[in-house]
Peer 1: 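Got a structure here, written out as structure tokens. Questions coming.
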Amino acid sequence: MRAILCREYGAIDKLAVADVAEPPLGAGQVLIDVHAAGINFGEMLMVLGQYQEKPPLPFTPGFEVAGIVRAVGNGVTTAKPGDRVMAALPWGGYAEAAVAAASAVFPMAPTMDFVTAAGFSIAYGTAYGAFAWRAQLKPGETVLVLGAAGGVGLAAVEVAAAMGAIVIAAAGGAEKCALTKAHGATHTVDYRREDLRERVRALTDGRGADVVFDPVGGDAFAQALRAVAWSGRMLVIGFAAGSVPQIPANHVLVKNIDIMGFQWGSYRTRRPELLTSAFARLIGWYADGRLRPVVSHQMKLAAAPEAYRLLRERKATGKIVLETRI
Ligand SMILES: NC(=O)c1ccc[n+]([C@@H]2O[C@H](COP(=O)([O-])OP(=O)(O)OC[C@H]3O[C@@H](n4cnc5c(N)ncnc54)[C@H](OP(=O)(O)O)[C@@H]3O)[C@@H](O)[C@H]2O)c1
């Protein structure tokens with residue numbers, strides 16, 4: 001099969017399409033004929049050798065795919081050949097075929113196309129899990145989303161709005177802010193030119209946000225910590241800005257703040273039963289129009305290095321998706 005191969009950590013420009021053996025199908029797994037693969041920031045970190053997991057070289061990057069089930073391994077009862085599915089995997093998605101654990105394979109909505117489905121599971125799964133399982137978000141609460149026009153950020157805007165929250169979306173630039181508004185944000189902050197803390201305080205009668213969703217880290221985390229309400233919650237999602245923030249424990253104490261880490265991938269192995277009900281709910285919201293995923297760039301398989309460049313330059317909104325068969 002054709003797949004993107006990473007032969008050397010750190011060498012994004014050397015990522016190239018190669019002919020490789022199909023992955024073997026094991027018990028409890030599903031073999032998928034992949035039609036499209038989502039691009040994720042973490043995949044770029046994996047290729048750079050900066051991710052928490054380091055697959056043995058050479059490897060095929062790719063955390064999420066959409067396609068048609070070709071075969072299932074022993075013991076799998078939740079999927080069958082011919083099913084249209086989306087799936088999450090540790091790596092291996094930028095390929096014409098991939099295997100995923102059956103617990104991380106989810107049915108596509110009947111009206112969903114492969115490109116939309118390929119970018120759905122990680123962004124929306126992360127947003128849902130963070131708000132529902134960790135922050136236990138309640139209707140009427142105010143949520144501040146950082147990097148709100150990005151892959152996981154825009155999903156967080158839509159999911160928080162679907163859960164009945166008032167969403168303040170923080171993003172860099174007027175166009176990105178307008179996009180978040182079209183996807184459910186009540187208010188926006190252009191954090192390239194506005195002071196995040198002052199704006200959030202003005203929008204909340206001085207109280208601050210009840211919940212902060214932060215996939216950006218760096219200085220944005222420090223500013224958001226000052227914009228969180230007394231007894232609020234901060235969800236640590238990622239570090240797209242490149243630096244891991246240090247947390248001033250005195251602020252956490254004085255404001256009674258809960259700082260919560262959330263890693264969606266770990267739920268695939270530790271709490272798979274939660275994923276099934278989460279995806280049923282998310283697909284329901286997609287079907288009734290509450291979730292409207294954005295794919296700003298649809299590219300061919302060989303364009304993976306170009307996709308990473310767009311992420312680094314903050315030019316993508318919503319998701320970038322590779323079509324694996326062109
Ligand atoms: N915890 C989890 O389970 C989980 C799941 C998925 C993703 N993540 C993490 O979440 C982060 C975002 O992932 P994503 O796939 O949503 O990425 P993305 O689509 O590239 O979005 C990241 C956003 O961060 C902002 N940003 C600020 N500084 C940046 C910089 N120096 N370079 C690039 N972007 C910058 C950009 O928005 P502005 O231009 O508006 O600032 C951009 O839209 C990553 O760290 C990823 O590993 C975590």
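Both counts, for ligands and for their atoms, begin at 1 and track the order of listing.
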Peer 1: Taking only heavy atoms of L311 into account, list the atoms of ligand 1 that are under 4.0 Å away from them.
Peer 2: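 So the answer, numbered in order with elements, is 20 (O), 33 (C).
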
Peer 1: Around K138, counting heavy atoms of other residues, nucleotides and ligands shown, do more than 12 lie under 6.0 Å from its NZ?
Peer 2: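 Above 12, so yes.
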
Peer 1: Heavy atoms only: which of G151, A240, G153, G42 is nearest to atom 19 (O) of ligand 1?
Peer 2: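 It is G151 whose heavy atom sits nearest to atom 19 (O) of ligand 1.
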
Peer 1: So which protein heavy atom does atom 46 (C) of ligand 1 come closest to, and at what separation?
Peer 2: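 For this ligand atom, the closest protein heavy atom is F41 CB, 4.0 Å.
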
Peer 1: Would you mind checking which non-hydrogen protein atom is closest to atom 1 (N) of ligand 1, with the distance to 0.1 Å?
Peer 2: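 Nearest neighbour among protein heavy atoms for atom 1 (N) of ligand 1, to 0.1 Å: F262 O, 2.7 Å.
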
Peer 1: Give the atoms of ligand 1, by number and element, whose distance to some non-hydrogen atom of W264 is under 4.0 Å.
Peer 2: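 Near W264, meaning under 4.0 Å from one of its heavy atoms, ligand 1 has 2 (C), 3 (O).
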
Peer 1: Looking at G238, which atoms of ligand 1 are within less than 4.0 Å of one of its heavy atoms?
Peer 2: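 Once the distances to G238 are compared, the set is 9 (C), 10 (O), 45 (O).
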
Peer 1: From atom 5 (C) of ligand 1, work out which of T126, V236, L146, I237 has a heavy atom at the shortest distance.
Peer 2: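 Comparing heavy atoms across T126, V236, L146, I237, the nearest one to atom 5 (C) of ligand 1 lies in T126.
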
Peer 1: Give the atom numbers and elements of ligand 1 that come within less than 4.0 Å of a heavy atom of G150.
Peer 2: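 Answer for ligand 1: 19 (O), 21 (O), 43 (O).
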
Peer 1: Give me the nearest non-hydrogen protein atom to atom 26 (N) of ligand 1 as residue plus atom name, then the distance to 0.1 Å.
Peer 2: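 I find the closest protein heavy atom is R314 NE, 3.7 Å.
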
Peer 1: State the atoms of ligand 1, each with its element, that fall below the 4.0 Å cut-off from a heavy-atom position in Q263.
Peer 2: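 The atoms of ligand 1 under 4.0 Å from a heavy atom of Q263 are 1 (N), 3 (O).
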
Peer 1: If you have a sec, work out which protein heavy atom is nearest atom 25 (C) of ligand 1 and how many Å separate them, to one decimal?
Peer 2: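 So the nearest neighbour among protein heavy atoms is V216 CG2, 3.9 Å.
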
Peer 1: What residue and atom, counting heavy atoms only, is the protein's closest point to atom 40 (O) of ligand 1, and at what distance?
Peer 2: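 Minimum-distance protein heavy atom for atom 40 (O) of ligand 1 reads G172 N, 2.7 Å.
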
Peer 1: Pairs of donor and acceptor atoms involving the side chains of residues 275-282, under 3.5 Å and at least two apart or interchain, shall be tabulated with distances.
Peer 2:
residue: S277; atom: OG; partner: L274; partner atom: O; Å: 3.2
residue: R281; atom: NH1; partner: Y128; partner atom: OH; Å: 3.1

Peer 1: Distance to 0.1 Å, residue and atom name: give those for the protein heavy atom nearest to atom 16 (O) of ligand 1.
Peer 2: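 Going by distance alone, atom 16 (O) of ligand 1 is nearest to V152 N, 2.8 Å.
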
Peer 1: Taking atom CE of M260 and atom CD of Q136, what is their separation to the nearest 0.5 Å?
Peer 2: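 It comes to 7.5 Å.
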
Peer 1: Give the ring-plane orientation class for F106 versus W264, where under 30° counts as parallel, over 60° as perpendicular and anything between as tilted.
Peer 2: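 Tilted, since the angle between the ring planes falls between 30° and 60°.
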
Peer 1: Testing the 3.5 Å rule here: is there a donor-acceptor pair between the side chains of E158 and Y124?
Peer 2: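 Yes.
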
Peer 1: Looking just at side-chain N and O atoms, do Y94 and E43 make a donor-acceptor pair shorter than 3.5 Å?
Peer 2: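 Yes.
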
Peer 1: Just how far is it from atom NE2 of H297 to atom CG of L322, taken to the nearest 0.5 Å?
Peer 2: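 Atom-to-atom, H297:NE2 and L322:CG are 12.0 Å apart.
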
Peer 1: Tell me whether the rings of F262 and Y267 are parallel (<30°), tilted (30 to 60°) or perpendicular (>60°).
Peer 2: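 Answer is tilted, since the angle falls between 30° and 60°.
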
Peer 1: Note the single closest protein heavy atom to atom 39 (O) of ligand 1, along with its residue, its atom name and the distance in Å.
Peer 2: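 Nearest neighbour among protein heavy atoms for atom 39 (O) of ligand 1, to 0.1 Å: K176 NZ, 2.7 Å.
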
Peer 1: Looking at G173, is its backbone amide N or carbonyl O close enough to the side chain of D190 to form a donor-acceptor pair, meaning the two atoms are under 3.5 Å apart?
Peer 2: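 Yes: the side chain of D190 pairs with the backbone of G173.
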
Peer 1: Applying salt bridge (charged side-chain N to carboxylate O under 4.0 Å, His left out) as the test, list every pair that has at least one member in residues 57-84; sequence neighbours left out.
Peer 2: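 Passing the test, one end in residues 57-84: E22-R70, D33-R70, E64-K319, K80-D83.
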
Peer 1: Just which atoms of ligand 1 are under 4.0 Å from any heavy atom in P215?
Peer 2: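 Per the distance check, 10 (O), 11 (C), 12 (C), 45 (O).
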
Peer 1: Could you tell me which atoms of ligand 1, counted from 1 in the order shown, lie closer than 4.0 angstrom to a heavy atom of I122?
Peer 2: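 So the answer, numbered in order with elements, is 6 (C).
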
Peer 1: Taking both backbone and side-chain atoms of G147, is any N or O found less than 3.5 Å from an N or O belonging to ligand 1?
Peer 2: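 No: no nitrogen or oxygen of G147 is under 3.5 Å from one in ligand 1.
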
Peer 1: Inspect the contact between E141 and R233 and indicate whether a charged nitrogen and a carboxylate oxygen are less than 4.0 angstrom apart.
Peer 2: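 Result for this pair is yes, salt bridge flagged.
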
Peer 1: Of the protein's non-hydrogen atoms, which lies at the shortest distance from atom 41 (O) of ligand 1, and what is that distance?
Peer 2: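 For atom 41 (O) of ligand 1, the nearest protein heavy atom comes out as Y191 OH, 2.6 Å.
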
Peer 1: Between E273 and R271, does any NZ, NE, NH1 or NH2 come within less than 4.0 Å of an OD or OE carboxylate oxygen?
Peer 2: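 The answer is yes: the pair qualifies as a salt bridge.
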
Peer 1: Quick check on contacts: which atoms of ligand 1 are under 4.0 angstrom from a heavy atom of A171?
Peer 2: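 Near A171, the atoms of ligand 1 are 40 (O).
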
Peer 1: Given I39, which of L311, L310, V321 fulfils the side-chain contact (heavy atoms from CB on, under 4.5 Å) condition?
Peer 2: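 Only match with I39 under side-chain contact (heavy atoms from CB on, under 4.5 Å): L311.
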
Peer 1: Which option out of F63, Y267, F239 puts a heavy atom nearest to atom 45 (O) of ligand 1?
Peer 2: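 It is F239 whose heavy atom sits nearest to atom 45 (O) of ligand 1.
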
Peer 1: Counting only nitrogen or oxygen atoms and a 3.5 angstrom limit, does N40 reach ligand 1?
Peer 2: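 Such a contact does not occur with ligand 1.
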
